[in-house]
K.L.:
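Below is a structure I'd like to ask you about.
Since the model is a prediction, treat every value here as computed from it, not as a measurement.
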Amino acid sequence: MTATLIWTVAALILVGVYLSWTAGRLDRLHTRIDAARAALDAQLLRRASVAQELATSGVLDPAASIVLYEAAHAARQAEEEQREVAESELSQALRAVFGEPEQVEVVRGAPGGEEAAGELAAAVRRVPMARRFHNDAVRAARALRRHRKVRWFRLAGHAPFPMAFEMDDEPPVALADRPA
């Protein structure tokens with residue numbers, strides 16, 4: 001009887017330690033999602049800011065400036081529910097304006113254009129990486145949260161179910177191939 005009680009207590013302690021470890025792992029994944037989302041937000045804001053600066057610099061033709069400015073402004077001002085759509089529209093505007101290498105060369109030829117084109121190219125390249133890191137963290141947390149033990153013991157607590165950030169983030173070819 002004593003041996004059975006000891007084994008039962010030991011098994012309960014092991015289950016408790018395992019559940020505690022799993023809850024800690026889930027908490028770390030949620031922290032990683034928060035950090036990745038902050039990094040993604042920073043990269044999206046940087047891309048929109050650089051695009052807006054370039055649109056108001058007078059380097060682009062008026063039609064391209066208006067298209068780029070409106071898309072960048074909409075991306076910066078978008079509510080969370082419309083953010084993915086606004087960022088996708090900014091990507092499409094960037095591809096429309098900088099779809100041809102000649103347009104990038106025009107920007108580079110203007111005073112201060114080399115730096116502006118370099119900043120925009122860097123921002124455009126970093127957004128897909130930041131989005132990939134965020135979505136990878138979301139995927140890992142979702143996989144862990146789908147396990148029965150996490151659901152049965154409510155190890156996720158009151159944390160909202162993580163959502164991936166889906167957007168069109170394909171950079172313009174003329175900017176994507178540009179060295180930093």
K.L.:
Which value, rounded to the nearest 0.5 Å, describes the distance between Leu120 atom CG and Arg46 atom CZ?
P.N.:
9.5 Å
K.L.:
Is there a donor-acceptor pair under 3.5 Å between the side chain of Ser65 and the backbone N or O of Thr56?
P.N.:
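No; zero donor-acceptor contacts below 3.5 Å.
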K.L.:
Taking atom CZ of Arg76 and atom CD of Glu87, what is their separation to the nearest 0.5 Å?
P.N.:
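Reported value, rounded in 0.5 Å steps: 10.5 Å.
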K.L.:
Below 4.5 Å, heavy atoms only, C-beta onward: do Pro172 and Val124 meet side chain to side chain?
P.N.:
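Side-chain contact under 4.5 Å: yes.
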K.L.:
Between Ala141 and Leu26, what is the shortest heavy-atom contact and its length?
P.N.:
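Closest pair (atom of Ala141, atom of Leu26, distance): O-CD1, 4.2 Å.
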K.L.:
So, applying side-chain contact (heavy atoms from CB on, under 4.5 Å) with Leu60, which one of Val67, Val107, Ile66 is it?
P.N.:
Val107
K.L.:
Determine yes or no for a side-chain-to-main-chain donor-acceptor pair under 3.5 angstrom, with Ser49 supplying the side chain and Leu45 the backbone.
P.N.:
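Answer holds: yes.
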K.L.:
Can you name the salt bridge (Lys or Arg N to Asp or Glu O under 4.0 Å) partners of Glu53, sequence neighbours left out?
P.N.:
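Glu53: no salt bridge (Lys or Arg N to Asp or Glu O under 4.0 Å) contacts found.
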K.L.:
For the residue pair Ala78 and Ala86, what are the closest heavy atoms and their distance?
P.N.:
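Shortest heavy-atom separation between Ala78 and Ala86 comes out as CB-CB, 3.7 Å.
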K.L.:
Should Val9 and Tyr18 be counted in the same cluster of Ile, Leu, Val, Met, Phe, Trp and Tyr side chains packed under 4.5 Å apart?
P.N.:
no
K.L.:
Would Val173 end up clustered with Val106 when hydrophobic side chains under 4.5 Å apart are linked, directly or stepwise?
P.N.:
no
K.L.:
Hey, quick one: are Trp152 and Leu155 part of the same hydrophobic cluster, counting side-chain heavy atoms closer than 4.5 Å, chains of contacts allowed?
P.N.:
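Looking at the clustering, Leu155 is in the same group as Trp152.
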K.L.:
Once salt bridge (Lys or Arg N to Asp or Glu O under 4.0 Å) is applied, what residue pairs with a partner in residues 19-35 remain, sequence neighbours excluded?
P.N.:
none
K.L.:
Within the side chain of Arg108, is there an N or O that forms a donor-acceptor pair under 3.5 Å with the backbone of Ala117?
P.N.:
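Looks like no, no N/O pair under 3.5 Å.
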K.L.:
Please determine whether residues Trp7 and Leu14 belong to a single hydrophobic cluster, defined as Ile, Leu, Val, Met, Phe, Trp and Tyr linked transitively by side-chain heavy-atom distances below 4.5 Å.
P.N.:
no
K.L.:
Could you state whether Phe133 and Val138 fall into the same hydrophobic cluster, counting links through intermediate Ile, Leu, Val, Met, Phe, Trp or Tyr residues with side-chain heavy atoms under 4.5 angstrom apart?
P.N.:
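The answer is no; the residues belong to distinct hydrophobic clusters.
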K.L.:
Mind checking the CG-CG spacing from Leu29 to Asp136? Nearest 0.5 Å is all I need.
P.N.:
11.5 Å
K.L.:
Between CD of Gln92 and CD of Glu170, what distance do you get to the nearest 0.5 Å?
P.N.:
10.5 Å
K.L.:
Who clusters with Leu44? Use side-chain heavy atoms, under 4.5 angstrom, across I, L, V, M, F, W and Y, and order the result by chain and number.
P.N.:
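Via sub-4.5 Å side-chain contacts, Leu44 links to Leu40, Val127, Phe165, Met167.
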K.L.:
Checking side-chain contact (heavy atoms from CB on, under 4.5 Å) between Arg131 and each of Gln43, Glu166, Arg126, which is the one that passes?
P.N.:
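Output: one option passes, namely Glu166.
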K.L.:
Can you name the nearest heavy-atom pair linking Val50 to Ala116, along with the distance?
P.N.:
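In this case the closest contact between Val50 and Ala116 is CG1-O, 4.2 Å.
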K.L.:
For Glu79, give me all partners under salt bridge (Lys or Arg N to Asp or Glu O under 4.0 Å), at least two apart in sequence or on another chain.
P.N.:
none
K.L.:
State, with a plain yes or no, whether a side-chain heavy atom of Leu54 is found less than 4.5 Å away from one of Ser57.
P.N.:
yes
K.L.:
Could you check Asp168 against Glu84 for side chain to side chain contact (heavy atoms under 4.5 Å, CB included), going step by step and ending with a plain yes or no?
P.N.:
CA-CA 8 Å; Asp168 174 9; Glu84 294 172 350; over 6 Å; no
K.L.:
Hey, what do you get for CG (Leu90) to CD (Gln52), rounding to the nearest 0.5 Å?
P.N.:
9.5 Å
K.L.:
Taking all atoms of both residues into account, what is the closest heavy-atom pair of Leu68 and Ala51, and its distance?
P.N.:
CD2-O, 3.7 Å
K.L.:
Nearest heavy-atom pair of Thr4 and Thr8: which atoms, and what distance?
P.N.:
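Scanning both residues completely, I find the closest heavy atoms to be O-OG1, 2.7 Å.
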K.L.:
Could you work out, with salt bridge (Lys or Arg N to Asp or Glu O under 4.0 Å) as the rule, every residue matching Asp61, not counting sequence neighbours?
P.N.:
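With sequence neighbours excluded, Asp61 shows a salt bridge (Lys or Arg N to Asp or Glu O under 4.0 Å) to no residue whatsoever.
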K.L.:
Can you tell me how far the NE2 atom of His30 sits from the CG atom of Leu144, to the nearest 0.5 Å?
P.N.:
8.5 Å
K.L.:
Within a radius of less than 6.0 Å around CD of Gln82, do more than 12 heavy atoms belonging to other residues, nucleotides or ligands occur?
P.N.:
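Count over threshold, so yes.
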K.L.:
Report yes if some heavy atom in the side chain of Val150 is under 4.5 Å from a heavy atom in the side chain of His147; otherwise report no.
P.N.:
yes
K.L.:
What are the two closest non-hydrogen atoms of Pro101 and Ala174, and how far apart are they?
P.N.:
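Scanning both residues completely, I find the closest heavy atoms to be CA-CB, 3.8 Å.
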K.L.:
Got a sec, which residues hit salt bridge (Lys or Arg N to Asp or Glu O under 4.0 Å) with Arg145, two or more places apart in sequence or on another chain?
P.N.:
none
